[in-house]
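Reckoned from all heavy atoms, side chains included, excluding hydrogens, waters and symmetry mates. This is a predicted model, so every value here is computed, not measured.
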Amino acid sequence: MEVCPPPSGLEAEYETLFTTDSLLFLHELISTFNEEVDQFLWLRVSRKAHLELSGDLPSFLEHTTHIRKDPNWRVLPVPPRLQRRHVDIGDMAPCDTQRFVKALKSPAQGIQVDFDDGNCPTYYNQIRGIHNVVKAVHNQFPNVPHISQAPVLMLRPRAWNMVEHNMMVEGKEAPGPLFDFGLLMFHCGKTLFDNKSGPFFYLSKVESFMEARLWNKIFVWTQQKLSLPLGSIKATVLIENVLAAFEMEEILYELRDHSAGLNCGIWDYSASIINKFGHRPAFMLPDRSKYVDIEKHFLRSYMDLLVQTCHRRGAMATGGMSAKLLPRDTLGEPYRTMLASVTRLKLLEIKAGVDGFMVYDLSLIEPMQELFKLHTEGDNQLQQLRHDVSVSPEDLLSMPSGGVTLHGLKYNIAVGVLFIKSWLSGEGVFFYRGNVEDSATAEISRSQVWQWIRHQAQVEDGSRVSRRLVVDLTKEVMVELNSLCQSVRAKQRLNIAADMFLEVVLKRDFPEFITTYLNQDHTFLSSRSSGRAEALDKHVHRSNL
């Protein structure tokens, strides 16, 4: 096993995390499951190749019909602290110490402690973030509630597509999720369990019930190694992939001793449709800013099926995250308009039967909790069994009508470029036009631009999306974005990000994940250490959120 030296300034945190015992545990965990992780990644490639070669579409699996037809099985009941989680804070990268401490002091019922979508996985951020979680769990932050009283921590390790470049195990880079999960469990698992506050996890970008089975094996192995009772770990699976939408019951079944339910979020899910079927004209997704939201049939069907599936099996169903940022002037018309917009969409989720959802802006916590008080009774909505729902494969795969707009194309370009710039600066999220943007919105943005170029989509003004149009619009967008940069270095990063964005969207073949693409890219890797100072500066400006 090889571990890179600590990033500058994190020597003490490094020594705390990488003890002899924790390294032995990590080595055994990773070497035990390394081969299976690789197998599942190759199975993903194989499954996608089959869909492309055959022209088939996914459906509910025939060989698991007996699981779906059996009315008797249930997931184990979740612990009391997970019974009432109406409003969580989402995209909380714990390396942002100030925001993390604010979240721990907030009235939210939970925190999505995010090493995935809302986090840029530099070595510095991973060590700082995991160490901050350890401090929170062991009550080492001053004036912060005890871990048993603070919002419950829902720990989200990286997804399977991410590797940790700074750790080699038996000659191979460590899988990112096992690096994160192993350190968090070793240092926090028993303390969280003893305080009836975990260990609880989010599992990102699971594509099949077989991947859920692998996570279950990892949970069982880890509990045995750390002398925790079977079922101590609870995990919410994010149904972020269209293929997983056809296997929700099977995913719950595989994790039935460890399940905290399922979660739905529209942007990674929508991007996955382009990922799997984007080269087919029938699956061209229209302008997301104008024609795609949770009210559209394919997304509403997905949410209704998720709620029905979870509640039928006694599992919690949670909705997505509101990315809106409320204006600071609470008396102004923009504030009322924004709050009304968030309220309308979140009320749709509540009426669909979700047991909770996430917000990014801490100012939205109490208004959204009040929304649950007004429109629900009790700790959750498990009694909402949604017998009215009957979802077919056609419902899940029906693309919304609508076209492409120049505004939507430019917006997608801006989000894609700014996300790459954010990563080059060591940041997982950024703010643009009243929204917080992360890897999920970057995924759908670059996916749509790639797909519209591929199909030479007609723009509503009569032109067609082409390589030249995207290059020209990128130059146009860069004029606006450059005016937002406050330093020469920031402008240099922005120009590099624009070049990288065009490289991604003009590729002949669709890169599976933008995060994987960036995480393997020389430009990003060489920028990792240099992005630290700028990232820390940004934390100061964002602390009011």
Side-chain angles (χ1 to χ4, degrees), residues 60 67-68 71 73-90 108-110 112 152 154 156 200-206 209 212 234-242 244-269 293-295 298-322 345-359 368-369 371-373 375-391 395-396:
F60 301 107
I67 293 173
R68 298 194 301 278
W73 66 268
R74 298 286 186 278
V75 304
L76 288 182
V78 297
R81 293 215 66 195
L82 294 182
Q83 291 283 341
R84 182 185 181 90
R85 241 177 65 244
H86 290 158
V87 182
D88 283 2
I89 301 167
Q109 283 128 342
Q112 183 192 62
V152 67
M154 302 297 296
R156 176 156 77 157
F200 305 140
F201 289 89
Y202 269 114
L203 304 180
S204 294
K205 299 172 181 62
V206 170
F209 77 91
K234 298 295 181 186
T236 298
V237 175
L238 291 96
I239 303 298
E240 301 174 290
N241 188 281
V242 63
F246 292 88
E247 302 181 26
M248 291 188 205
E249 287 212 58
E250 293 88 340
I251 287 169
L252 284 178
Y253 182 80
E254 294 296 337
L255 285 162
R256 59 195 180 278
D257 292 338
H258 299 102
S259 180
L262 304 177
N263 170 275
C264 60
I266 68 172
W267 295 133
D268 267 322
Y269 183 80
D293 57 39
I294 198 65
E295 294 177 275
F298 80 114
L299 291 174
R300 184 57 193 255
S301 299
Y302 148 69
M303 180 171 67
D304 287 343
L305 179 61
L306 186 142
V307 171
Q308 181 193 57
T309 300
C310 285
H311 290 179
R312 182 181 178 215
R313 303 304 182 180
M316 298 293 178
T318 50
M321 185 185 77
S322 171
L345 290 174
K346 286 304 175 188
L347 191 53
L348 285 173
E349 294 185 33
I350 291 173
K351 289 184 175 178
V354 301
D355 302 295
F357 49 64
M358 290 175 279
V359 298
M368 293 302 104
Q369 287 175 334
L371 203 61
F372 269 98
K373 286 181 186 176
H375 296 279
T376 67
E377 296 179 4
D379 290 344
N380 50 61
Q381 298 200 82
L382 281 173
Q383 76 283 359
Q384 297 282 354
L385 298 178
R386 298 301 311 271
H387 293 304
D388 59 307
V389 170
S390 178
V391 175
D395 292 322
L396 292 172

Asker: Checking Phe60 now: which residues fulfil ring pair (Phe, Tyr, Trp, His ring centres under 6.0 Å) with it, not counting sequence neighbours?
Answerer: Phe246

Asker: As an exercise, state the distance from CZ of Arg85 to CE of Met358, rounded to the nearest 0.5 Å.
Answerer: 8.5 Å

Asker: Under the criterion side-chain contact (heavy atoms from CB on, under 4.5 Å), I'd like the reasoning laid out for Asp304 against Leu306: C-alpha separation, chi angles, the key distance, then a yes or no.
Answerer: CA-CA 5 Å; Asp304 287 343; Leu306 186 142; over 6 Å; no

Asker: Quick check for you: to the nearest 0.5 Å, what is the distance between Thr309 atom OG1 and Glu247 atom CD?
Answerer: 12.0 Å

Asker: Which residues pass the salt bridge (Lys or Arg N to Asp or Glu O under 4.0 Å) test with Asp395, not counting sequence neighbours?
Answerer: none

Asker: Rounded to the nearest 0.5 Å, what separates atom CG in Leu371 from atom OG1 in Thr376?
Answerer: 8.5 Å

Asker: Apply the test side-chain contact (heavy atoms from CB on, under 4.5 Å) to residues Ile239 and Val237: give CA-CA distance (whole Å), side-chain angles for both, the deciding distance (0.1 Å), then the verdict.
Answerer: CA-CA 6 Å; Ile239 303 298; Val237 175; 4.0 Å; yes

Asker: Using ring centroids (six-membered ring only for Trp), state whether Tyr302 and Tyr269 fall under 6.0 Å.
Answerer: yes

Asker: Assess whether atom CD of Glu377 is packed by more than 12 heavy atoms of other residues, nucleotides or ligands within 6.0 Å.
Answerer: no

Asker: Out of the candidates His311, Gln83, Arg84, Gln381, only one should pair with Asp355 under the side chain to side chain donor-acceptor pair (under 3.5 Å) rule; please name it.
Answerer: His311

Asker: Can you establish whether the number of heavy atoms outside Phe298 located under 6.0 Å from its atom CZ is more than 12?
Answerer: yes

Asker: Would you call Met316 and Val78 a side-chain contact if the rule is heavy atoms closer than 4.5 Å?
Answerer: yes

Asker: If we only count heavy atoms from C-beta on, is the Lys234 to Leu76 side-chain gap below 4.5 Å?
Answerer: yes

Asker: Would you please test Glu295 and Arg300 for salt bridge (charged side-chain N to carboxylate O under 4.0 Å, His left out) and show each step?
Answerer: CA-CA 6 Å; Glu295 294 177 275; Arg300 184 57 193 255; over 6 Å; no

Asker: Which heavy atom of Ala315 sits nearest to which heavy atom of Gly261, and what is that distance?
Answerer: CB-CA, 3.9 Å

Asker: Would the distance check show the side chain of Gln112 and the main-chain N or O of Ile89 forming a donor-acceptor pair, the cut-off being under 3.5 Å?
Answerer: no

Asker: SG of Cys310 to CG of Leu252: how many Å apart, nearest 0.5 Å?
Answerer: 5.0 Å

Asker: Can you list the residues that meet the salt bridge (Lys or Arg N to Asp or Glu O under 4.0 Å) rule with Arg256, with sequence neighbours excluded?
Answerer: none

Asker: Are side-chain heavy atoms of Leu305 and Leu396 found at a separation under 4.5 Å?
Answerer: yes

Asker: Rounded to the nearest 0.5 Å, how far does SG of Cys264 lie from CD1 of Ile294?
Answerer: 5.5 Å

Asker: Going from CD on Glu349 to OG on Ser322, what distance comes out if it is rounded to the nearest 0.5 angstrom?
Answerer: 9.0 Å

Asker: Distance-only, no hydrogens or angles: does the Gln109 side chain make a donor-acceptor pair with backbone N or O of Val87 under 3.5 Å?
Answerer: yes

Asker: Measuring only between side-chain heavy atoms, which start at C-beta, is Leu238 closer than 4.5 Å to Leu203?
Answerer: no

Asker: Where is the tightest heavy-atom contact between Ala108 and Gln369, given as atom of each residue plus distance?
Answerer: CA-NE2, 3.9 Å

Asker: Applying side-chain contact (heavy atoms from CB on, under 4.5 Å) to Val152 and Phe200, what does each step give before you reach the verdict?
Answerer: CA-CA 8 Å; Val152 67; Phe200 305 140; 3.4 Å; yes

Asker: Are the side chain of Arg74 and the backbone N or O of Pro71 linked by a donor-acceptor pair below 3.5 Å?
Answerer: yes

Asker: Minimum heavy-atom separation for Asp379 to His86, with atom names?
Answerer: O-NE2, 3.0 Å

Asker: Using a 3.5 Å distance criterion without hydrogens, assess whether the side chain of Arg313 forms a donor-acceptor pair with backbone atoms of Tyr253.
Answerer: no

Asker: Please report the shortest heavy-atom distance between Lys346 and Gly320, naming the atom on each side.
Answerer: NZ-O, 2.9 Å

Asker: Is there a donor-acceptor pair closer than 3.5 Å between any side-chain N or O of Trp73 and the backbone N or O of Ile67?
Answerer: yes

Asker: Looking only at heavy atoms, which two atoms of Phe209 and Glu250 are closest? And how far apart?
Answerer: CB-CB, 3.5 Å

Asker: I'd like to know if the side chain of Asn380 reaches the main chain of Leu382, judged simply by a donor and an acceptor atom lying under 3.5 Å from each other, with no hydrogens or angles considered.
Answerer: yes

Asker: Determine whether a donor-acceptor pair (N or O, by modelled atom type, separation under 3.5 Å) exists between the side chain of Lys373 and the backbone of Met368.
Answerer: no

Asker: Taking side chain as C-beta onward, heavy atoms only, is Thr318 less than 4.5 Å from Phe357?
Answerer: no

